[in-house]
Amino acid sequence: MIKVETKGEIALLREQVAYLTQKRYGKSSEQMPLSGQTSLFDEDGFDSDEDEDLPC
C-alpha cells in the first residue's frame, strides 16, 4: 500500500513532468532558437566575392 505522502509526491512530480513537457515541446518551442544553432538560410555572413576563384 502506498503512503499518502508518497501519493502526493507522485502527483507533484507528474505535474512537473507535464509542465516541463509542455514548455519543451509546446507551440512556442518552435520559435526559440537553440543556442549555437545557425539558420540554414542565414546569408548575412555570405560573401559573394568568394566564388570568383571558381572556374566557369
(request) Determine whether T21 and R24 make a side-chain contact, defined as any pair of heavy atoms from C-beta on separated by less than 4.5 Å. (result) no

(message) Test question: given the 4.5 Å side-chain rule for I, L, V, M, F, W and Y, name all other residues clustered with Y19, or answer none.
(response) L20

(request) Only one of R14, Q16, E9 passes side chain to side chain contact (heavy atoms under 4.5 Å, CB included) with L12; say which it is. (result) Q16

(request) Output all residues satisfying side-chain contact (heavy atoms from CB on, under 4.5 Å) with E5, sequence neighbours left out; order by chain, then residue number. (result) none

(request) Working to the nearest 0.5 Å, report the span between CE of M1 and NZ of K7. (result) 6.0 Å

